[in-house]
A.B. asks: 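What follows is a structure written as structure tokens; I'll ask about it next.
Count residues from 1 along the sequence.
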Amino acid sequence: MLPLFLIVTWFYYFAEIKNLQNLRELYLSFNQFSGNIPTLAFQNLQNLRELHLGSNRLNGSLPASLFALPCLEYLDLSENLFEGHIPINSSWKCSSLLQTIRLSKNKLGGKFDFFWLRNCTKLKQIDLSRNTNLLVQVKMHGWAPKFQLRTLMLSSCNLDKSMITEPHFLRTQHHFEFLDLSNNDLPGSMPNFLLANEATLAYLELSN
């Protein structure tokens, strides 16, 4: 069966979207959509691989059903007005295919622990920046991530100060291309290995 793609320029009610059970990719970014996402709006989309809802005016809490989709590879909810906690925890059974999480420029709070991502073997991009009330914890807890990130954007979060102390998460990542830890009041010294000859960084932001 060929993938089913849906690209829209007008509002499809979330109540109708739940009936599109073969949907693979949904592009609804850069519109003026507002209001809450119904709790069960995406529950039936078990084949959904990409969800693009960035740059709208969606608000309320994030539905837990989004983070339970078994085939999800790309999730973009950035630049909205979402608030409250991110509905994952230490028992989260993530999609083994998940590669991108973009939740930046919202009003999210609570805690986000990188330990919750320990089973996401294919993660390449995480962007949680500009959620000033979001506590981002990166303590290693005696575990080593199975993924290798290329992009990590954590600017203007309530970032755990252990990000740059040993043993730290950064040393486990060997393919960074974009790294932004700015506006977090991190103490101490910059890890020298970020500037080593073998470093793959193309963009590094450590200001403020």
A.B. asks: With side chain to side chain contact (heavy atoms under 4.5 Å, CB included) as the criterion, how do Cys157 and Asn184 come out once you've worked through the C-alpha distance, each side chain's angles and the decisive distance to 0.1 Å?
C.D. replies: CA-CA 6 Å; Cys157 294; Asn184 278 295; 4.1 Å; yes
A.B. asks: Do the non-hydrogen side-chain atoms of Gln148 and Gln173 ever get within less than 4.5 Å of each other?
C.D. replies: yes
A.B. asks: Working to the nearest 0.5 Å, report the span between CG of Asp113 and CD1 of Ile88.
C.D. replies: 9.0 Å
A.B. asks: For Phe112 and Leu135, run side chain to side chain contact (heavy atoms under 4.5 Å, CB included): C-alpha distance rounded to whole Å, both residues' side-chain angles, the deciding distance at 0.1 Å, then the answer.
C.D. replies: CA-CA 6 Å; Phe112 185 96; Leu135 174 60; over 6 Å; no
A.B. asks: Quick check on the hydrophobic clustering: are Leu134 and Trp116 connected, directly or via other members, by side-chain heavy-atom contacts under 4.5 Å?
C.D. replies: yes
A.B. asks: Is there a path of hydrophobic side-chain contacts, each under 4.5 Å between heavy atoms of I/L/V/M/F/W/Y residues, joining Phe42 to Leu20?
C.D. replies: yes
A.B. asks: If Ile, Leu, Val, Met, Phe, Trp and Tyr residues are connected whenever their side-chain heavy atoms lie under 4.5 Å apart, and connections chain through other members, are Val136 and Leu149 in the same group?
C.D. replies: yes
A.B. asks: Is there side-chain contact between Leu154 and Leu179, with heavy atoms separated by less than 4.5 Å?
C.D. replies: no
A.B. asks: Determine which pairs satisfy ring-ring contact (aromatic ring centres under 6.0 Å, His included) with at least one residue from residues 62-87, sequence neighbours left out, and list them in order.
C.D. replies: His52-Tyr74
A.B. asks: Without hydrogens or angle criteria, can the side chains of Asn183 and Asn208 be said to hold a donor-acceptor pair below 3.5 Å?
C.D. replies: yes
A.B. asks: Could you check whether any side-chain heavy atom of Phe178 comes within less than 4.5 Å of a side-chain heavy atom of Leu204, counting everything from C-beta outward?
C.D. replies: no
A.B. asks: Does any non-hydrogen side-chain atom of Phe33 lie less than 4.5 Å from one of Leu28?
C.D. replies: yes
A.B. asks: Measure the shortest side-chain to side-chain distance between Asn59 and Asn36 over non-hydrogen atoms and say whether it is less than 4.5 angstrom.
C.D. replies: yes
A.B. asks: Under a 4.5 Å side-chain heavy-atom rule over Ile, Leu, Val, Met, Phe, Trp and Tyr, are Leu51 and Trp92 clustered together?
C.D. replies: yes
A.B. asks: Does atom NZ of Lys161 have more than 12 heavy-atom neighbours, drawn from other residues, nucleotides or ligands, at distances under 6.0 Å?
C.D. replies: yes
A.B. asks: To the nearest 0.5 Å, what is the distance between CG (Leu81) and OG (Ser34)?
C.D. replies: 9.0 Å
A.B. asks: Rounded to the nearest 0.5 Å, how far apart are CZ of Arg130 and CE of Met153?
C.D. replies: 9.5 Å
A.B. asks: Short question: side chain of Thr132, backbone of Ser156 - any donor-acceptor pair under 3.5 Å?
C.D. replies: no
A.B. asks: So, do Lys111 and Gln137 sit near enough that their side-chain heavy atoms are less than 4.5 Å apart?
C.D. replies: yes
A.B. asks: Would you list the atom pairs, donor with acceptor, under 3.5 Å between side chains in residues 96-104 and any protein atom, with sequence neighbours excluded?
C.D. replies:
residue: Arg102; atom: NH1; partner: Asp76; partner atom: OD2; Å: 3.1
residue: Ser104; atom: OG; partner: Asp127; partner atom: OD2; Å: 3.4

A.B. asks: Could you tell me if the side chain of Leu206 sits less than 4.5 Å from the side chain of Asp180, heavy atoms only?
C.D. replies: no
A.B. asks: Would you find a donor on one side and an acceptor on the other, under 3.5 Å apart, between the side chain of Asn47 and the backbone of Arg24?
C.D. replies: no
A.B. asks: Between Leu201 and Glu177, is a side chain to side chain contact (heavy atoms under 4.5 Å, CB included) present by the stated rule, with each step listed?
C.D. replies: CA-CA 4 Å; Leu201 278 171; Glu177 296 176 5; 5.9 Å; no
A.B. asks: Roughly how far, to the nearest 0.5 Å, is CG of Leu77 from CD1 of Ile86?
C.D. replies: 9.5 Å
A.B. asks: Sequence neighbours left out, what passes side chain to side chain contact (heavy atoms under 4.5 Å, CB included) with Ser207? Give chain and number order.
C.D. replies: Ser182, Glu205
A.B. asks: Would a hydrophobic clustering, with Ile, Leu, Val, Met, Phe, Trp and Tyr connected at side-chain separations under 4.5 Å, put Leu159 with Leu170?
C.D. replies: yes
A.B. asks: How long is the gap from CE on Met163 to CZ on Phe169, to the nearest 0.5 Å?
C.D. replies: 6.5 Å
A.B. asks: Hey, does Pro70 have a side-chain heavy atom less than 4.5 Å from the side chain of Gln46?
C.D. replies: yes
A.B. asks: Starting at CG of Leu152, measure out to CD of Gln125 and round the result to the nearest 0.5 Å.
C.D. replies: 10.0 Å
A.B. asks: Determine, stepwise, if the pair Glu83 / Asn106 fulfils side chain to side chain contact (heavy atoms under 4.5 Å, CB included).
C.D. replies: CA-CA 7 Å; Glu83 56 189 4; Asn106 280 286; over 6 Å; no
